[in-house]
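For clarity, every value in this text was computed on a predicted model and none was experimentally measured. One-based numbering, in listed order, for ligands and for the atoms of each.
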Amino acid sequence: MNSVSAGYGGGLVLRDVSLTVEAGRATCIVGPNGAGKSTMLKVICDDLRPVSGTIEIDGEQVTGIGPAAAIRRGVVMIPQTNALFPGMTVRENILLGGHAIRIRGRAARQRFDELAVMFPIIRERASAHAGLLSGGQRRMVEFARALMSRPRVVLLDEPSIGLDPKSRETLAGSVRALVEAGTTVVLVEQNVRFGLSLAATGVIMESGRFVASGPADRLLDDPGLRAVFLGGHAASTTEEH
Ligand SMILES: Nc1ncnc2c1ncn2[C@@H]1O[C@H](COP(=O)(O)OP(=O)(O)OP(=O)(O)O)[C@@H](O)[C@H]1O
Ligand SMILES: [Mg+2]
């Protein structure tokens with residue numbers, strides 16, 4: 001994305017932000033609450049139209065094409081807040097993920113079965129209403145739904161929130177498998193250590209701007225950079241596990 005400014009109503013949240021994400025790798029965006037991380041992801045998946053600037057995927061202009069068209073171009077987002085239909089079953093929710101690119105019938109069933117191998121919870125609770133699942137289980141279903149369309153770019157907003165350590169490891173394994181399969185991943189994480197451990201590159205965001213970026217492992221070990229975004233809470237936030 002080039003020189004993107006975006007916001008809600010009158011106010012700007014992102015101010016002239018440019019980011020190039022390496023294809024087939026994971027990039028993790030970290031920063032304090034309200035920094036504009038979710039807004040970034042919304043702009044990338046065309047859920048929010050920027051005030052100025054452009055978004056390109058593999059050299060193709062996608063600015064302002066809308067979320068459904070973005071999915072057809074291979075970009076899916078798993079939002080921060082619960083996005084499942086509670087009255088529909090786990091299976092129905094997941095199959096919806098194929099609708100935008102018209103994966104139906106046998107192809108949809110086949111893809112569903114592949115995902116059920118990746119996420120055991122899907123197999124176990126396929127017929128349960130999504131509204132009956134725990135928060136952590138819902139995250140896994142949301143993740144699986146996003147993968148229905150075999151996206152090229154996956155955007156994950158705070159994927160580890162509400163997950164127990166075991167589910168978090170399942171999720172980490174899925175993210176790594178995606179990257180190994182050549183998918184580009186952009187994730188936002190509150191759990192800085194977890195997020196950066198999954199990524200090749202880390203980007204630190206503060207007040208709608210990028211303040212630093214670099215190889216994720218180095219970013220994690222740099223106390224100066226940690227101080228930039230963690231402030232006085234560095235110890236409690238990064239020493240979680
Ligand atoms: N739908 C909206 N309408 C109006 N303002 C919004 C909306 N969504 C976010 N904002 C504002 O934009 C700013 C950035 O929000 P954003 O959600 O991008 O931050 P974030 O970095 O993802 O924070 P968090 O870590 O808390 O998820 C905040 O000041 C927020 O109040
Ligand atoms: Mg957010």
Side-chain angles (χ1 to χ4, degrees), residues 1-19 21 26-55 62-64 66-68 70 75-84 135-136 138-140 142-143 145-146 153-163 168 171-172 175 185-199 201-214 216 219-220 225-241:
M1 54 195 278
N2 308 309
S3 305
V4 165
S5 295
Y8 309 90
L12 282 185
V13 173
L14 302 180
R15 297 160 194 280
D16 200 21
V17 174
S18 297
L19 173 71
V21 169
T27 301
C28 179
I29 303 172
V30 294
N33 294 132
K37 306 180 299 295
S38 296
T39 304
M40 256 309 282
L41 296 186
K42 284 183 211 162
V43 167
I44 299 174
C45 75
D46 266 300
D47 200 18
L48 179 69
R49 205 190 186 108
V51 175
S52 59
T54 54
I55 323 288
V62 294
T63 323
V75 185
V76 298
M77 158 126 116
I78 306 170
Q80 190 170 351
T81 47
N82 178 29
L84 295 178
R138 281 202 293 266
R139 284 309 285 169
M140 305 312 278
E142 285 165 7
F143 195 58
R145 181 172 66 176
V153 181
V154 175
L155 312 175
L156 291 159
D157 200 350
E158 315 269 7
S160 80
I161 277 189
L163 294 188
R168 196 162 65 184
L171 179 98
V175 172
V185 173
V186 182
L187 78 152
V188 166
E189 258 299 334
Q190 287 286 337
N191 187 330
V192 174
R193 189 167 289 279
F194 176 74
L196 290 177
S197 76
L198 290 175
T201 306
V203 181
I204 301 171
M205 196 169 188
E206 209 177 20
S207 307
R209 296 177 199 275
F210 293 144
V211 292
S213 70
L219 218 49
L220 199 56
L225 287 178
R226 280 162 63 174
V228 169
F229 63 93
L230 296 170
H233 305 293
S236 59
T237 313
T238 55
E239 304 309 327
E240 256 169 44
H241 64 196

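- Looking at residues two or more places apart in sequence or on another chain, you find a side chain to side chain contact (heavy atoms under 4.5 Å, CB included) between Ser3 and Asp16, Ser18.
- Checked for salt-bridge contact, Arg145 and Glu142 miss the test: no charged N lies under 4.0 Å from a carboxylate O.
- The distance from ligand 1 to the heavy atoms of Ser38 drops below 4.0 Å at these ligand atoms: 17 (O), 18 (O), 20 (P), 22 (O), 27 (O).
- A donor-acceptor pair is defined here as one N or O able to donate and one able to accept, closer than 3.5 Å; such a pair exists between the side chain of Glu158 and the backbone of Gln190.
- Near-neighbour remark for the Mg ion (ligand 2): protein N, O or S atoms under 2.8 Å are Ser38 OG, Gln80 OE1; waters not counted.
- Listed here is the closest heavy atom pair of Ile44 and Val75: O-CG1, 4.2 Å.
- Of all atoms in ligand 1, listed by their number and element, those nearer than 4.0 Å to a heavy atom of Gln190 are 25 (O).
- For the side-chain contact (heavy atoms from CB on, under 4.5 Å) with Val43, the qualifying choice from Val51, Ile55, Val17 is Ile55, the only one to do so.
- The minimum heavy-atom distance linking Pro159 with Leu163 is given by the pair O-CD1, 3.5 Å.
- Distance from atom 25 (O) of ligand 1 to its nearest protein heavy atom, with residue and atom name: Lys37 NZ, 2.7 Å.
- Of the inter-residue distances, the one linking Leu196 atom CG with Ile204 atom CD1 reads 8.0 Å to the nearest 0.5 angstrom.
- Which parts of ligand 1 touch Thr39 is read off a 4.0 Å heavy-atom cut-off, strictly below it: atoms 14 (C), 15 (O), 16 (P), 18 (O).
- In terms of protein heavy atoms, atom 10 (N) of ligand 1 is closest to Tyr8 CE1, 3.3 Å.
- Nearest protein heavy-atom contact of atom 26 (O) of ligand 1 is Asn33 ND2, 3.0 Å.
- Under the side-chain contact (heavy atoms from CB on, under 4.5 Å) rule, Asp157 has a single partner from Pro79, Cys45, Ser38, which is Ser38.
- Side-chain atoms of Met1 and Met40, non-hydrogen and from C-beta on, do get closer than 4.5 Å to each other.
- Atom numbering of ligand 1 starts at 1 in the shown order; those under 4.0 Å from a heavy atom of Glu158 are 25 (O), 27 (O).
- Judged by distance alone, with hydrogens and angles left aside, the side-chain atoms of Lys37 form a donor-acceptor pair with the main-chain N or O of Gly31 at under 3.5 Å.
- Only the side chain of Val13 comes within contact range of ligand 1, with a heavy atom under 4.0 Å; no backbone atom does.
- Of the protein's heavy atoms, at least one falls inside 4.0 Å of atom 7 (C) of ligand 1.
- Within a 4.0 Å radius of atom 3 (N) of ligand 1, the protein contributes one or more non-hydrogen atoms.
- Inter-residue side-chain proximity for Pro50 and Thr63 is flagged as met; some heavy-atom pair is nearer than 4.5 Å.
- Counting only heavy atoms of the protein, atom 19 (O) of ligand 1 lies nearest to Gly36 N, 3.3 Å.
- Looking at Gly34 next to ligand 1, an N or O pair under 3.5 Å apart turns up.
- Annotation: side chain of Leu14 is in contact with side chain of Met205 (closest heavy-atom distance under 4.5 Å).
- Interface of Gln80 with ligand 1, defined as ligand atoms under 4.0 Å from a residue heavy atom, comprises 27 (O).
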